[in-house]
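Report on the structure given below.
The first residue of the sequence shown is numbered 1, and numbering continues consecutively from there.
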Amino acid sequence: MNSAVVIFLDQVDKVNDVVECGITIKDLHVPVVPLSQPSTRVTLSNVPPFISDEFLSRELSRHGKLVSPIKKVLTGLKNLPPGLPVTLHSLHHTDDKDTLEAYGHYISDDRGTVTVSDDASIGGTYTGKEPMGLLWSMLPVPGSRPGISWRKKEAHTPMVVFISVYRGHVVEGFNEQPPMASVVTERWYMAPGVQRIDIEERGVRGTLFLPPGPGPFPGLLNLLGARGLTESRGALLASHGFASLVVEYLTPDKSWKTDFDLDYFETAFNILQEHPLVINDRVGVFSFSFGGLVTFSMAAYSKIATITKMMRAAGNEHLLNTLTYPNAGHLIEPPYKPHCRASHYIQWNTRTKVFMLWGGQAKPHADAEEDSWMKILAFLRQHLQPDPNVIPPDNKQ
């Protein structure tokens with residue numbers, strides 16, 4: 001039976017040395033053959049427009065040396081007749097088995113191309129230059145049940161979107177005519193190497209997401225609203241370098257937590273803080289909707305001294321960053337998801353189904369989600385991620 005030894009090295013020069021010289025195992029010289037050659041070109045696709053070249057360069061430099069600047073290659077439609085009216089259409093099947101769609105009307109330029117980042121939609125579910133309009137303007141397809149609310153329940157699976165192009169400016173009946181071309185895209189919330197761990201400890205239930213790498217990492221206690229356990233934001237935060245514990249509470253399951261108990265959240269905070277891969281003096285709370293009430297209550301009444309010390313040390317000028325977004329709704333989450341203005345909602349205390357108006361208009365809401373997400377990440381990095389120029393003390397001291 002054949003056997004092999006695989007060696008992982010962190011520098012190209014080291015790889016060249018061992019390939020040239022080989023290695024010695026038990027006094028036997030063994031030649032080394034590289035499994036792969038260093039990449040000379042890396043192509044990144046589906047990069048959101050708000051991600052800067054500087055951010056991409058910094059992240060890529062963690063995995064190797066960049067020898068040339070980033071070059072953007074715009075994607076879109078090619079080889080069309082000039083001046084041809086076309087419709088770009090997106091279709092998505094949600095985790096709840098509902099179907100959403102969006103579409104934009106375009107006219108190819110004199111070269112027979114359409115580029116969504118440069119060309120304006122002149123009709124459809126969105127108008128203007130909107131590179132991500134096919135995502136945030138999605139609506140339930142005609143005939144859908146009322147009160148649909150989009151949410152990504154399972155972070156370890158992608159959001160799959162079917163993109164098609166149709167001849168002419170189509171407004172209905174997309175499934176009744178063949179498209180000119182189609183492609184399947186995937187939006188992942190969990191980066192390669194992120195670990196997902198189910199937590200059921202000391203009465204606390206939830207999901208812990210750990211970033212790739214050896215750690216330790218800053219931590220975030222992730223408190224969502226009262227719509228059940230949704231893991232997508234926790235996976236995204238771990239993909240950005242934060243150990244994120246998504247806490248389960250106020251779920252429709254009658255056998256689980258249906259009361260407001262600060263001790264429960266303090267225990268969850270301690271579980272995260274005591275994790276061996278978490279920097280114990282760099283743990284924060286990230287809340288949303290009803291979770292905001294929990295967070296303010298913890299800050300005011302919690303027995304956890306660390307929270308109070310963190311808030312005091314940060315200074316008042318940093319503790320309260322107020323962002324105002326006119327015409328945005330209540331459900332401001334990570335960007336480029338379908339906007340939900342109203343949906344059915346099960347009250348956690350009475351189990352009564354009601355129709356909840358979340359508010360907001362699709363375009364202002366999408367702008368708010370894009371702007372707030374980048375500012376949230378910047379805020380978290382400023383206050384939680386360690387200074388790379390400072391040697392950290394032992395994490396357990």
Side-chain angles (χ1 to χ4, degrees), residues 155 189-191 194-197 199 201 204 206-213 215-225 229-249 262-323 332-334 369 372-388 390 392-393 395-397:
Y189 288 82
M190 194 162 74
V194 171
Q195 298 182 59
R196 179 191 178 278
I197 304 170
I199 297 295
E201 180 180 341
V204 172
T207 307
L208 175 64
F209 291 94
L210 293 175
F217 313 101
L220 283 171
L221 186 67
N222 208 325
L223 303 180
L224 305 176
L229 184 64
T230 304
E231 299 182 348
S232 56
R233 191 177 68 184
L236 270 178
L237 290 169
S239 301
H240 284 276
F242 300 93
S244 179
L245 175 56
V246 185
V247 180
E248 182 175 352
Y249 70 105
L262 280 182
D263 290 339
Y264 177 78
F265 301 101
E266 290 183 6
T267 302
F269 186 94
N270 289 331
I271 290 173
L272 178 63
Q273 186 182 44
E274 296 166 6
H275 194 281
L277 291 181
V278 173
I279 306 174
N280 56 19
D281 63 347
R282 292 185 179 271
V283 182
V285 183
F286 192 150
S287 59
F288 169 78
S289 188
F290 187 81
L293 174 61
V294 177
T295 302
F296 283 122
S297 298
M298 290 178 69
Y301 305 111
S302 174
K303 296 189 291 286
I304 302 176
T306 307
I307 293 180
T308 303
K309 288 194 292 184
M310 287 171 53
M311 295 173 67
R312 184 181 299 117
N316 291 335
E317 67 275 14
H318 300 124
L319 291 178
L320 185 60
N321 284 12
T322 303
L323 304 177
I332 295 181
E333 298 182 279
E369 289 188 324
S372 64
W373 180 244
M374 291 305 294
K375 290 178 178 176
I376 287 170
L377 291 178
F379 181 88
L380 294 176
R381 292 189 182 105
Q382 177 186 354
H383 294 288
L384 291 182
Q385 287 186 340
D387 187 341
V390 177
N395 190 43
K396 291 303 174 185
Q397 291 182 352

Mind checking whether [X] and [Y] have side chains closer than 4.5 Å, heavy atoms only?
X: Val285; Y: Phe265; answer: no
X: Phe209; Y: Glu231; answer: yes
X: Ile271; Y: Leu208; answer: no
X: Val278; Y: Leu245; answer: no
X: Phe242; Y: Arg381; answer: yes

Nearest heavy-atom pair of [X] and [Y]: which atoms, and what distance?
X: Ala155; Y: Met190; answer: O-CB, 3.6 Å
X: Val247; Y: Ala268; answer: CG2-CB, 3.9 Å
X: Tyr264; Y: Glu248; answer: OH-O, 2.6 Å
X: Gly234; Y: Val246; answer: CA-CG2, 3.8 Å
X: Pro334; Y: Leu236; answer: CB-CD1, 3.6 Å
X: His275; Y: Leu210; answer: CE1-CD1, 3.9 Å

Could you give the distance from [atom1] ([X]) to [atom2] ([Y]), rounded to the nearest 0.5 Å?
X: Leu272; Y: Leu220; atom1: CG; atom2: CG; result: 7.5 Å
X: Ser372; Y: Glu333; atom1: OG; atom2: CD; result: 10.0 Å
X: Phe286; Y: Leu223; atom1: CZ; atom2: CG; result: 10.5 Å
X: Leu323; Y: Ile376; atom1: CG; atom2: CD1; result: 7.5 Å

Next item on the list: List the steps, then state whether side chain to side chain contact (heavy atoms under 4.5 Å, CB included) holds for Leu380 with His240.
Entry: CA-CA 10 Å; Leu380 294 176; His240 284 276; over 6 Å; no
Next item on the list: Measure from the side-chain N and O atoms of Gln273 to the backbone N and O of Asn280, and report whether any donor-acceptor pair falls under 3.5 Å.
Entry: yes
